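One structure is given below, encoded as structure tokens.
Note that these values count all heavy atoms, side chains included, but never hydrogens, waters or copies made by symmetry. Numbers restart at 1 for each chain; the letters A, B, ... are given by sequence-line order, proteins then strands. All figures in this text were calculated on a predicted structure; none of them were measured in a lab.
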Amino acid sequence: MIFLSASCKITNSMSSNVRVRFAPSPTGYLHVGGARTALFNWLYARHTGGTFILRIEDTDKARNTAEATQAIYDGLKWLGLDWDEGPFKGGDCGPYFQSEREEIYLRHFNQLKAAGHLYEDGGAWRFRSPREVVVLDDLVCGHIEFDLTNPETHPDITIRRPDGGWIFHFVNVVDDIEMKMTHVIRGEDHLSNTPKHLELYKALGATPPRFAHIPLILNRDGSKMSKRDQGAAVGGYIEQGYAPEAVVNYLCLLGWSPKDNREILDLNEIIALFDLPHINRRAASYDLDKCHWMNAQYLLRMSLERFTELSLPFIEKTGIQYGSEAALKAVLAIVQEKTKQLNEVPDRIRFFFTEAFEFEAEAVEKAFKVPGALEKLTALANRYEASEPWTAESIEATLKATAAELGWKNKELIHPTRIAVSGRAVGPSLYHMMEVLGKERTIARMRSAVARFA
RNA sequence: GACCCUAUCGUCCAGCGGUUAGGACACCGCCCUUUCACGGCGGUGACACGGGUUCGAAUCCCGUUAGGGUCGCCA
């Protein structure tokens, strides 16, 4: 209790006293494993009405980069994991960068030193282990006993470098004490470090938080996921056009489940159901295929407004002149159900907004180079001149009536028309595509194709 | 090597002493259909192995094997 620092008075505005944190070190990109750790902490905070804190562990000056710090902010923001205390937010337990907490560490260091827990070794400072059996009751992994009595197998940890720099184990524990963390939810790679941390809590006279070590995320082949692996960096999902809600949903299901076989879940429902004991203990492999499927499901089901909002950055990057937002939405509405990743959108909509669209050679070959195809196209275009109104229903009716009258098969008209109008063999529903394109442009494209491929 | 964690279809998750071992992704058929998707129906496919405990074990215990993690003056 002598350590209840005056600098950290918790404003009790939250409805529970749960305090959790995500404490990344800004040395690379935001990894899906880190994102999942952040997500579980965030979910637990939201579930309990507690506080979610972001703390940047930038004690390693040589490896920290500003880009990596930005990637953390960008990734968390994109995923919607808003923090209650931390950078840009402030809070009563700041600063939230370890590089700015020198006095705090020094104070605890001196305290440990005065109590005889430290000794110097080659200019560095080590913490003298009490050499006991340390018990951990982990919320996920259960009761574990670590025998630290043998210095050969469990050497004393270093807590300060000769240059005065601080080591992770020490600052991590000090900050979790100072920031009043009630629960530490982190990757299982820290499980074996936890007894050392527990010794530190005890030496500092602090009550340790409850620990929950969550299973690691591996590659499909079981190997450890590294930054180079497909799907490892959160930035990749942003660039490739995943919907954040889909990635969040997928990530929730890696190591946790609602236990009733449901998979596509509303975030609010996940928050309501989420709890630590339901996290399983087995390492999970990252299934990019399933994440991809989940994304397609979300894109399919989301509102046109949301789909437009998410598509816009990708469209604007290409410089497609889509005119009005209404015109764009009309096109997106018929393209949405086919879209699996948002980065496909420009390709799917380009031909709506320019007459200079490309024709697929293979499609042209198949549709126009058959005897009579262009004549049929002309015949249909002539019928369409008189066709009113210009709706998908009437467009379809006219096409089928023409085919029936002249003794042709529907598809003998459908395929050439599709290619003439869009330049390609696959695309949105033909009649809706023609409706959106408008009568004049549709007929013009049909006639222009006849002239071009005659 | 020591210590720790883990072990159900290829992958993710159900199962918590009695089930024809269930769902999802992927894959393969069929249906729907103007293309491609979506959707529907069906199929292939798993309790790592060996001992116990029990009337009965995927479920509990032990061992083996395998995978992962930690043992840094990285975090």
Side-chain angles (χ1 to χ4, degrees), chain A residues 23-28 34 57-60 62-64 98 121-126 136 138 140-142 144-148 150 152-155 157-169 171-172 186-196 213 215-224 250 253-264 280-294 296-297 300-301 335-340 348 363 367 396 399-400 403 409-415 417-419 422 424-434:
Chain A
S25 135
T27 55
E57 304 218 332
D58 55 350
T59 55
D60 187 348
R63 299 202 304 154
N64 297 153
Q98 290 189 326
D121 176 18
W125 288 87
R126 290 178 180 276
L136 167 66
D138 192 275
V140 173
C141 298
I144 306 170
E145 295 186 6
F146 298 88
D147 184 350
L148 303 194
N150 185 355
E152 298 295 314
T153 56
H154 297 276
I157 58 169
T158 302
I159 66 162
R160 193 178 198 191
R161 303 186 188 96
D163 68 1
W166 303 103
I167 300 300
F168 159 75
H169 302 293
V171 292
N172 187 264
R186 61 181 10 170
E188 198 193 272
D189 50 338
H190 287 301
L191 186 60
S192 297
N193 289 147
T194 305
K196 299 165 199 161
H213 287 91
L216 266 18
I217 298 177
L218 310 173
N219 287 313
R220 276 296 296 266
D221 63 5
S223 64
K224 189 178 182 180
Y250 177 73
L253 263 22
L254 236 38
W256 178 86
S257 89
K259 306 291 178 193
D260 59 6
N261 282 342
R262 283 181 305 157
E263 303 210 290
I264 294 183
N280 64 34
R281 303 168 69 170
R282 190 181 189 235
S285 297
Y286 199 91
D287 188 347
L288 210 52
D289 283 339
K290 187 150 183 177
C291 186
H292 187 264
W293 168 81
M294 182 78 75
Q297 289 292 314
L300 181 67
R301 299 174 187 206
V335 141
Q336 178 175 357
E337 60 174 356
K338 315 279 182 177
T339 304
K340 308 252 187 223
R348 288 183 181 280
E396 177 174 4
L399 183 142
K400 288 184 172 169
K409 289 180 175 164
N410 289 342
K411 59 180 170 186
E412 289 180 286
L413 288 175
I414 287 166
H415 292 297
T417 303
R418 174 180 288 286
I419 315 300
S422 70
R424 44 180 75 180
V426 302
S429 159
L430 176 62
Y431 309 118
H432 292 92
M433 181 160 82
M434 291 164 79

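Neither OP1 nor OP2 of B:A24 sits under 4.0 Å from any side-chain N or O of A:Arg262. Checking the phosphate oxygens (OP1, OP2) of B:G39, a side-chain nitrogen or oxygen of A:Gln297 falls inside 4.0 Å. Under 4.0 angstrom from either OP1 or OP2 of B:G72 there lies no side-chain N or O belonging to A:Arg161. Put simply, A:Thr153 has no side-chain N or O that comes within less than 4.0 Å of OP1 or OP2 on B:A2. Close to B:A14, at under 4.0 Å from its OP1 or OP2, lies a side-chain N or O of A:Ser257. An OP1 or OP2 oxygen of B:C74 is reached within less than 4.0 angstrom by no side-chain nitrogen or oxygen of A:Thr59. Taking 4.0 angstrom as the limit, A:Asn150 places none of its side-chain polar atoms (N or O) nearer than this to OP1 or OP2 of B:C3.
Residue A:Gly165 is out of contact with every strand shown, counting any heavy-atom pair closer than 4.0 Å. Within 4.0 Å (heavy atoms only), A:Pro195 reaches no atom of the nucleic acid at all. Here A:Ile144 lies in heavy-atom contact (under 4.0 Å) with sugar-phosphate atoms only. Note on A:His213: nothing from the nucleic acid sits closer than 4.0 angstrom, heavy atoms only. Using a 4.0 Å heavy-atom criterion, one finds that A:Asn410 contacts no nucleic acid atom at all. A:Ala425 comes within 4.0 angstrom of a nucleotide base, judged by non-hydrogen atoms across all strands. No contact: A:Tyr286 has no heavy atom under 4.0 Å from any strand. Within the nucleic acid shown, A:Arg160 has no heavy atom closer than 4.0 Å to any nucleic acid atom. If you check every strand for non-hydrogen atoms under 4.0 Å, A:His190 touches a base.
Separating the C1' atom of B:G45 from that of B:G51 is a span of 29 Å, rounded to the nearest Å. For the C1' atoms, the distance linking B:C49 with B:A58 amounts to 14 Å, nearest Å. Here the separation of B:C36 from B:G43, taken at their C1' atoms, is 24 Å to the nearest Å. The same atom, P, is picked in B:C16 and in B:G23; the two are 16 Å apart, to the nearest Å. Taking the C1' atoms as reference points, B:C27 lies 8 Å from B:U44, given to the whole Å. The separation of B:A75 from B:G69, taken at their C1' atoms, amounts to 15 Å, rounded to a whole angstrom. Rounded to whole Å, the separation between the C1' atoms of B:C60 and B:U53 comes to 8 Å. B:A46 and B:U11: their P atoms are spaced 12 Å apart (whole Å).
For A:Asn261, whose side chain is taken as the heavy atoms from C-beta onward, the closest listed nucleotide among B:C36, B:U11, B:C13 is B:C13. When distances are taken from the side chain of A:Glu337 to each of B:C74, B:A37, B:U70, the shortest belongs to B:A37. Across B:A75, B:C38, B:C71, the shortest atom-to-atom separation from the side chain of A:Lys196 is found for B:C71. Closest to the A:Trp293 side chain, of the nucleotides B:C36, B:C71, B:C25, is B:C25. Counting only heavy atoms from C-beta on, A:Asp60 has its side chain closest to B:C74 among B:C25, B:U34, B:C74. Considering only side-chain atoms of A:Leu216, the nucleotide from B:G68, B:C4, B:G72 that sits closest is B:G68. Of all nucleotides listed (B:G68, B:C71, B:A26), B:A26 comes nearest to the side chain of A:Asp289.
Heavy-atom minimum distance, A:His154 versus A:Leu148: ND1-CD2, 3.5 Å. Listed here is the closest heavy atom pair of A:Asn64 and A:Thr59: OD1-N, 3.9 Å. Considering every non-hydrogen atom in both A:Val140 and A:Asn280, the closest pair reads CG1-O, 4.1 Å.
Atom CD1 in A:Ile157 sits about 11 Å away from atom C1' in B:G72, given to the nearest Å.
Applying the 3.5 Å distance criterion, the base of B:U34 shares a donor-acceptor pair with the side chain of A:Ser429. Judged by atom type and distance alone, A:Ser192 reaches the base of B:G69 through a side-chain donor-acceptor pair under 3.5 Å. For A:Lys259 against B:A14, a side-chain-to-base donor-acceptor contact under 3.5 Å is absent.
The nearest heavy atom of RNA chain B to A:Glu263 and to A:Thr27 marks one nucleotide each, and the one closer to the 5' end goes with A:Glu263. Mapped onto RNA chain B by nearest heavy atom, A:Thr339 and A:Asp121 fall at different nucleotides, with A:Thr339 at the one closer to the 5' end.
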Using nucleotides 7-9 of chain B, report all nitrogen or oxygen pairs with the protein that are shorter than 3.5 Å.
residue, atom, partner, partner atom, Å
B:U8, OP1, A:Arg282, NH2, 2.5
B:U8, OP2, A:Arg282, NE, 2.5
B:U8, OP2, A:Arg282, NH1, 3.1
B:U8, OP2, A:Arg282, NH2, 2.8

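Base pairing analysis places B:G39 opposite B:C31; the two distances defining the Watson-Crick or G-U wobble pair are each below 3.5 Å. The partner of B:C74 is absent, by the rule that a Watson-Crick or G-U pair needs both atom distances under 3.5 Å. Summarising the base pairing, B:A14 is matched to no nucleotide, lacking a Watson-Crick or G-U wobble pair whose two defining distances lie under 3.5 Å. Base pairing analysis places B:U65 opposite B:A7; the two distances defining the Watson-Crick or G-U wobble pair are each below 3.5 Å.
Without hydrogens or angle criteria, A:Thr158 side chain to A:Arg160 main chain gives no donor-acceptor distance under 3.5 Å. Formation of a donor-acceptor pair under 3.5 Å by the A:Arg418 side chain with backbone atoms of A:Pro428 is found in this model. Side-chain N or O atoms of A:Asn193 include none that pairs as donor or acceptor with a backbone N or O of A:His169 at under 3.5 Å.
Residues meeting the side-chain contact (heavy atoms from CB on, under 4.5 Å) test with A:Asp163, sequence neighbours left out: A:Arg161.
At a threshold of 4.5 Å between non-hydrogen side-chain atoms, the residues A:Val426 and A:Lys338 do not count as touching. Side-chain atoms of A:Trp293 and A:Tyr250, non-hydrogen and from C-beta on, never get closer than 4.5 Å to each other.
With a 6.0 Å radius and a threshold of 12 heavy atoms from other residues, nucleotides or ligands, A:Lys411 has its NZ atom at or below the threshold.
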